[in-house]
Amino acid sequence: MDGFGVTFAFWVLTGVTLVAALGVLLSRNLLHAVLFLILTFVGMAGYFVLLSADFLGMAQVLIYVGAIAVLVLFAVLLTPRAGRDNGETRMFLPALLLCGTLLAVILFVITDTNWAVSEEPATVSAAGLGEALLSRWVLPFELASVLLTVALVGSIMLVRSREEEAEDPR
Amino acid sequence: MELTVLVFLPAVAAIVVLLLPARQEHLAKYVALAGSVATLALSLWLFFTFDLNESGYQFVERREWVDLGAFNLQYFLGVDGLSMPLVVLTAFLTTASVLVSFSVTRRQRLYYALLLILSTSVLGVFTALDFMLFFLFWELELFPMYLLISIWGSGRKEYSATKFVLFTIAGSAFMLVGILVLAFSASTFDIQVLGQSSFDDTVLPLRWVFLFLFIGFAIKLPIVPVHTWLPDAHSDAPTAVSVMLAGVLLKMGGYGLIRMCVTILPGQADDLSAWMAGAGAVSVLYGAFVTLRQTDVKRLIAYSSVSHMGLVLLGVGALGTTGMVGATYQMVAHGVITGLLFVMIGLIYERTHTREIARLGGLARQVPLLATGFVFAGFGSLGLPALAGFIAEVMVFLGAFEQYEWAALMAIFGVVLSAGYILWMLQRVVFGPVRPEWNSLTDQRHWWEHSVVLMLAALIILLGVYPAILTDMINPAIDTIVLRVGA
Amino acid sequence: MTPGLEHFLTVGAILFCLGLTIALSKRNAIGVLMGIEIMLNAVNLTLLSFARFGVGHGPVAGQAFVVFIITVAAAEAAVALALAVSVYRNRDTIDVDKLNLLRS
Amino acid sequence: MPFLEAAATQSPTIDEWLLWAILVSPLTAWALIVLYFRKIPAVAGYLAIAGIGISCLISFVTLFNVIDADGAIAQHTHEWFTAGDVVVNLGVRVDGLTAVMLVVVTSVSLLVQIYSTGYMAGDSGYGRYFAHMCLFTTAMLGLVLADNLFMLFIFWELVGLSSYLLIGFWFHKPSAAAAAKKAFIVTRIGDLGLLAALLLIWSRAETFDIAGIHHWAASGEASDKIVTLFALGIFAGAAGKSAQFPLHVWLPDAMEGPTPVSALIHAATMVAAGVYLVARFFPVFEVSTDAREVVAWIGAATALIAATIALVQTDLKRVLAYSTVSQLGYMMLALGALGYVAAIFHLFTHAFFKALLFLGSGSVNHGTNTFDMRKMGGLRAKMPVTFWTFVIGSLSLAGIFPLAGFWSKDEILLDAWRYDRALWFMAATVAFMTAFYMFRAIFLTFFGEYKGGEPVDHHDPDNHFHGDPAHPHESPWPMRAPLLILAVPAVLAGLLNVDHDFGDFINHALPELPHHEGSTFEWGIALSSLGLALGGIGLAWAIYYKRWVSSASLRELFLPLAGLFEHKYFLDNVYEDIFVRGIFHRGWNRLLELTDRYVIDGVANGSGRLVRGVSSGLRPIQNGLLQTYGLGFAAGVIIFVLAVFAANPL
Amino acid sequence: MNGIDLVGPQFAVLIAAGMALLVDALLPRQRRFIPLVALAGLALSVAWTISWVSRDDYQSAFGGTLALDKYAVFFYFVFAGIAAAVVLASIDWVKREGRGEAEYYALLLVSTAGYMFLAASRDLITIFIALELSSIPQYILAGWGKDERSSEAGLKYLLLGAIASAVLLYGMALLYGFTRTTDLGGIADAIVAGGSENRALLTLAVALVIAGFGFKMAVVPFQMWVPDVYQGAPTPVAAYLSVGSKGAAFAVVTRLFFEGLGPDVASDDWSMIFAVVAAVSMTFGNVMAIVQTDIKRLLGYSSIAQAGNIMVGLAAVSVAGEEFVLGASGVIFFVAAYAFTNLGAFIAVIAISQRIGSDRIGDYAGMWKRSPVLAGALALCLVSLTGIPPTAGFWAKLYVFNSAIRADLAWLVIVGVLNSLVSAYYYLGVARTMFVAESGEEATFRPPLGLSISLGLATAGVLILGLVPGPLLDAAHDAAETLALVS
């Protein structure tokens, strides 16, 4: 991996993503936080592309930005009386300290490790990925679909209002 | 096959009792009696067919149970001269406790079922020759005891029942560790094999293993300072349970000491024998001193049991044949004598509804036969010659004196102290002028009360005047154990 | 400076910890969920970094893993929001520091 | 067992079964009474008399048989049981000593039973009384017949039991119940020594056999120290039963029992068992000078202390009780002073005249319903048989020539004189006091004016007093006859040893004849003791009959001393108040009890409470807040990682 | 073996889930048969698994991502059994709750299928998906109840579970980074090839993975959600969670350690860590349980303690050498025994609380009179949880402790047995309330049919395993051996 463009892109993305994530952490308004979250997801998609996972970058934008973030927005809107407050609990400082420690540990490990890095950047084509998903990981692939179905079915059951249930012919 | 029948006969009777329809509840006692008498008869038959010239295990039954190579359990029963008397004792006292329970009216089916299951578990402990099977039976006794005390007891019964269970579990917890370590070293739970193997320090130093086993048995025995569950359990338990508790349950501890601790780890027993003897002597004295302060008859007897069981430890600690024969004899003797004492207290309690020494008095005038039984049992307890306890005590002293003179000399003071507390109690409970509140007591008795008292009294005398009936049996068994210690 | 594996990993680590911080400190259940999503994203980043700088047949595994994580994240988000709504109906709030009916 | 073999010189002169029958006969009577005739007074009494009578008969047969065999030893041993290494035998051993004791025990017992049929008539516990008496006789005979220490110990304890039962016969009286308990416990303290001796002898000699022990002691195998310890253990047991200082305190209290019991047990037989025991093991004491010194001095001290207390007693029976203690001390003194024969001879004579005296006091009580001499007086005319037999007994006890007591006491004084002059001096003092207090009692009881006795409390359901204490009269024949019969040996028994027949006879019970010369008569000693006795009588006559000096002013004169005597040297107070109640009950025992409750049990309960406390303390952790849980989780992760790093340094 | 055959058991379960939804949609009148459909699916699953066993056909499939070995098969049975019991136990509750019945059973079945996959997975990705497949339905089910407690429990469970998942994933990612493969066998090879290089990375990765699974296992320090969720979730769901997710997590961790990390890694660092975790978990769970007044919360804490007990087996697994089969078989036997026991307890609690409408332990007073069967069954299960014979729990504890002794972890066993002591206190407390305490309410009742059947099965399992543990121990041993063979 070389070239100024890559380096530049990396640092820009890093800046954007981290600031966005910090924004999620710091913004007091839930809606703002959602927006920052979307920004983070977008930054993340950029990283994916940078890491030669173009397909996943697309998927990221599609699913996270398109689906999950929207879902979150819906949820925010569905819970109007809960307020838009995105404040912290009293646990903020301890959480920060703990996570700082965890970060320190992880960073120590990352620097401590002697990474075996291949000379050639490995690239995986979307077709290759698809083939892998349908051969070696066909089972998880199928299960993932079951999982999504179940999650949908379950979610629907959970959010059905009482009136709906009352109308239900059962 | 005989032993299996013997061990599970009470359990079968228990099931029959439980299956009785509610309307036939009054039959429960008779079923229980039949079951226990049948057990007694079978045990007596075994006792008299026991081959005295054979030092090994007899009536052996052995089946593979769980066979996993490294984890190998057997269903292995057998008796030798050490366990046979205790088996008979158990059957005997089970019958006695069923009889004294005839006046129980609450939840009879459950009551008798639990009592019989208790009997099965104790019989199992005395006959099991697989350490794990032994442990199984050992633990099996907890639940019936717990319920018996906490449902049919009196006073702080729940506290006492819980205390009993917790102490026992604490002990068996340590015991389990010891068993597992031993089984690890010998690759078997077979007591016969364990009793012939020699061990090295493995995951735990052997001394620890010994101590762990010892703790388990010492709590049951019980030895000072892990004895405090006993007075509580006794004072709050119903009569029959006190009889079983003092009569046979404590013996499980002494039996375990000899059968497991000493036989399996003779070297460690030898190293620690002075401590054992010392602890025994201290128990004897401490128990006696504290007994002297008790104001509740049952608590008093309970503490006296601590003192008497200290003798067992003293005898075992001496590690000689005489001492251990004495210890075994003491177990049997204490079983019948204290059994009778508790029976008598129970009968008195049924009439007076108090066990406070201060409130009793002059009973000899009102209920002369009960008083006579009480005095008789009391004399048995203080080690009067011609009664069972004397032989045992003197044998223990003789055995201990050969090994640790100081311990024996300490312990013989217990003889005076026991005379002190027993006679003082008799003086206050039985003798003296009649208290007006007991004027209305009458000397009416039921046949079951008669029979249980006579049964026990006869046994006490028999063991006092004809000790050879047991010693001839115990000697060979103890000899083999002592040979191992000496080796 | 050319970004290497360590750089990506570091970003991943920072994001992971940030996400965790968010998850642990936000009062609003949806805020917490957002933190979790960031954590999962950080994991994805880490996986893809390894895939990108990988050796042998490993890279496919990393990418495949990410596919599944994205899927599961979606499912989890859906369920979480459904539960949040459900709580909201019962309690009129989704502040997790008020959800302490169950304790000690 | 080398010693046992050495002892196997038997001279089978009497059938073994006869010897066992001596034991079995009263035992059978006991069993029959207990099982069937408890409630049938007539049968119970006669059954007891029959049982003991048979024993008595066989005892006499035995005695003559042994006399024929010139005191040789007959022994029949059977194994009883084996426990480990210990072999315990049951066996009978007959020799001169045994034979004499058998006769004493059975004959006195028989007479006392006859007496009791009168004395106890109407008591609600009549059957029980005779059952206990039979049991006692059995035990006492077993003690005498036993051929080994173990068996001896068993019967020794059984004797204690029957004594307990009989002292506490009137158990509804708190004082009786307390006295019974006291007697048992105090003697048991002494028995500790006996038990220790039992343990010691087995561990050193591996035998309980009496002959074996004799040989062991004589063989010099054991060190002096061990022999002394053994001897002292034996003596401790003896001191308990024979009420030697400082264990004598139970005997006076034991007078709470029926008077015939006192006569039999606490005068003639059981209390003599201690003396018998020391005599039985006399060869051991011969070896150990130290032990003998102890015996002699304890005996002397006992004799003196008891005699002084007897001087001031107002209760007739207690005078006799202290007198008994005193005489037992005498016997011990004799044993310590190597006077084996003298001691046994005195035991022999004492049994008769002391039993006589006690029965006499019982007879008095039968008439007056009291033992308090201050409430008596002038009974000489009303109870002539009682009076005369009592006087005979007293004279014999005081040692007036030629009554039995004179001969035996004289021998003791002689032995003491030879052994140690100080001992003789003490013994002589006691002889003087004995004469004094006995005649003080006689003058108070039988002379002067009758003071009315103790009125009958008719509300007491346990009182079976018949007749009118205000008008005492002579006792019925069953009571009078034993008095008369006992008076005979009280007078004549002393003559048996005039030619050392008695001594030679019982000397054969020893493995080898004593090294010292046997007692012979010495005029100086005899006359001086006679003089002292007469002096004592005279003094009593002067004070209590002629009243030349008032006893009250005399008491004033010796006030501190008299107070000491009256309070029995404060020994009971020391024992009961200071030791038993103070140091033990309120102190040490209470300390242990509190330790038990608050320390040992406290640890158990405390650990339970601790766990609960920790549990409650930890509850706030689970505060239901998601954030807390999340933090906990994260913290867990970090701790986990760090712990692994720490466990396995990089 | 074709593709369907390879996932037959799970397939059957999933099909049943689908069928349930279909029945609901197409035949609304036949709704009452939905539980039967679920049961039929489970039965089919079991039958299928049995057919494997009878064919003795074990293999690995799907490019090595799924291992169809005896180990997996063992857990198939366990999970199918758990699911069946929970289905039976749920019938009444679901009907009363009125929310979609079909969906409830479908979720349950899907989750069960997830467990089954978890037990068989040999690939990180498969493991992850299987884990989520089992977890997400659980989150939903936990929030299934209409009361606020239930939804609170669901939300808490989900959010915390998601955090745990993220941590787990990060760990997996690092593991992947270290070895560049997701295949357990490949990971093992890579670790062996890598030697001692990059230990820090490996450690961090494993720690995070263990933390992630630790959440499901409910061991300290990842246990905090447990009592809240158990208390809040519908009782049948809590029952399911308590045995299912714990079992699955242990199943997968054991496999992970055997096949993915190998004994090298394990024995070096992790034995001690697991041991400490086990000790702390037991202690925390037991100590906290003591002061609980809500039976479900109490069972929650108790399950933390039990997780600690199972962990003992895991600590022993981590030791290289012949003995580790014992540890692994200990874990899986414990899981099975625990499944019976805890299900039994929960089912009894369901039956009781349906009747008395309360989960307060104090309200269980006099239960012995009101429903002796329920009280007896619950007491038996509590005894089994304590580890007193003759119950399944006894053997389970014994077996893992035995393996720990062999792994030189005597101290851990001592901690374990002392914990049994503490646990006895509160388990017996419940039994005491039921058997001893009196209550004003006297009306007797019987549990409904479904509950009766499942309760009967569970308690029968507890008892039968208690008396004849051999076959199952054998099976567990075999299963663990196949693991060892693979590695």
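Proteins get letters first, then strands, A, B, ... in listed order; numbering begins at 1 in each.
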Look at the side chain of C:His7 and the backbone N and O of C:Gly4, then say whether any donor-acceptor pair between them is shorter than 3.5 Å. yes
Residue A:Phe8 versus chain C: region with a heavy atom under 4.5 Å: neither
All heavy atoms of C:Cys17 vs all of C:Thr21, minimum pair found to be O-OG1, 2.6 Å
Evaluate the criterion side chain to side chain contact (heavy atoms under 4.5 Å, CB included) for residue pair A:Leu143 and A:Leu147; output intermediate values, then yes/no. CA-CA 6 Å; A:Leu143 292 183; A:Leu147 179 62; over 6 Å; no
Using a cut-off of under 4.5 Å for heavy-atom pairs, which of A:Leu152, A:Leu103, A:Thr111, A:Thr40 has the most such pairs with chain C? A:Leu103
I need the residue from C:Ala80, C:Ala64, C:Ser86 with the largest number of non-hydrogen atom pairs under 4.5 Å to chain A. C:Ala64
For C:Arg27 and C:Ile94, indicate whether the former's side chain and the latter's backbone hold a donor-acceptor pair under 3.5 Å. no
Of all heavy-atom pairs between A:Phe41 and A:Gln60, which one has the smallest distance, and what is that distance? O-NE2, 3.5 Å
Answer with side chain, backbone, both or neither: which region of A:Leu71 has an atom nearer than 4.5 Å to a non-hydrogen atom of chain C? both
Report the option among C:Met34, C:Glu37, C:Glu6, C:Arg91 that has the most heavy-atom pairs separated by less than 4.5 Å from atoms of chain A. C:Met34
C:Leu48, part contacting chain A, at a heavy-atom distance under 4.5 Å: both
For the pair A:Trp115 and C:Phe50, name the ring-plane relationship: parallel under 30°, tilted 30 to 60°, perpendicular over 60°. tilted
At a 4.5 Å cut-off on heavy atoms, which part of A:Ala67 comes close to chain C: side chain, backbone, both, or neither? neither
Leading residue by heavy atom contact count with chain C [cutoff under 4.5 Å; candidates A:Phe141, A:Phe74, A:Phe55, A:Phe36]: A:Phe141
A:Leu25 versus chain C, the contacting section by heavy-atom distance below 4.5 Å: both
Could you tell me whether A:Glu88 and C:Lys26 make a salt bridge, using a distance below 4.0 angstrom between a side-chain N and a carboxylate O? yes
Could you have a look at A:Ala132, A:Ala59, A:Ala151, A:Gly130 and say which one has the most heavy-atom pairs with chain C under 4.5 angstrom? A:Ala151
Examine whether an atom of A:Thr14 lies under 4.5 Å from a heavy atom of chain C, and if so say whether it belongs to the side chain, the backbone or both; otherwise answer neither. side chain
Which label fits C:Phe8 and C:Phe53: parallel for a plane angle under 30°, tilted from 30 to 60°, or perpendicular past 60°? tilted
Just wondering, do C:Phe65 and A:Trp137 contact through their side chains at under 4.5 Å, heavy atoms? no
Greatest number of non-hydrogen atom pairs under 4.5 angstrom with chain A, of C:Val96, C:Leu18, C:Leu33, falls to C:Leu18
Search all heavy atoms of A:Val49 against all heavy atoms of A:Gly57 and return the closest pair with its distance. CG2-CA, 4.4 Å
Below 4.5 Å, heavy atoms only, C-beta onward: do A:Ser155 and C:Leu81 meet side chain to side chain? no
Between C:Ser25, C:Ala82, C:Ala84, which has the largest tally of heavy atom pairs under 4.5 Å with chain A? C:Ser25
Contacting moiety of A:Val34, where chain C heavy atoms sit under 4.5 Å: both
Under 4.5 Å from any heavy atom of chain C - which part of A:Thr149: neither
Name the option with the most non-hydrogen atom pairs under 4.5 Å to chain C; the candidates are A:Ser145, A:Pro140, A:Gly128. A:Pro140
Can you say whether A:Leu133 sits under 4.5 Å from chain C via the side chain, the backbone, both, or neither, judging by heavy atoms? side chain
Turns out that what part of A:Ile63 lies under 4.5 Å from chain C's heavy atoms comes down to side chain
Heavy-atom check, side chain of A:Leu13 versus side chain of A:Leu50, under 4.5 Å: yes
If we ignore angles and hydrogens, is there a donor and acceptor under 3.5 Å between the side chains of C:Arg52 and A:Ser52? yes
Would you find more than 12 non-hydrogen atoms of other residues, nucleotides or ligands less than 6.0 Å from C:Phe68 atom CZ? yes
Among C:Val79, C:Ile38, C:Leu45, who wins on heavy-atom pairs under 4.5 Å with chain A? C:Leu45
Under 4.5 Å to a heavy atom of chain C? For A:Leu96 that would be both
Interface residue of largest heavy-atom contact number with chain A, from C:Ile22, C:Val66, C:Leu24, C:Leu83, under 4.5 Å: C:Ile22
Where on A:Leu22 is there a heavy atom nearer than 4.5 Å to chain C: the side chain, the backbone, both, or neither? both
Quick one: what part of C:Ala29 sits under 4.5 Å from any heavy atom of chain A, side chain, backbone, both or neither? neither
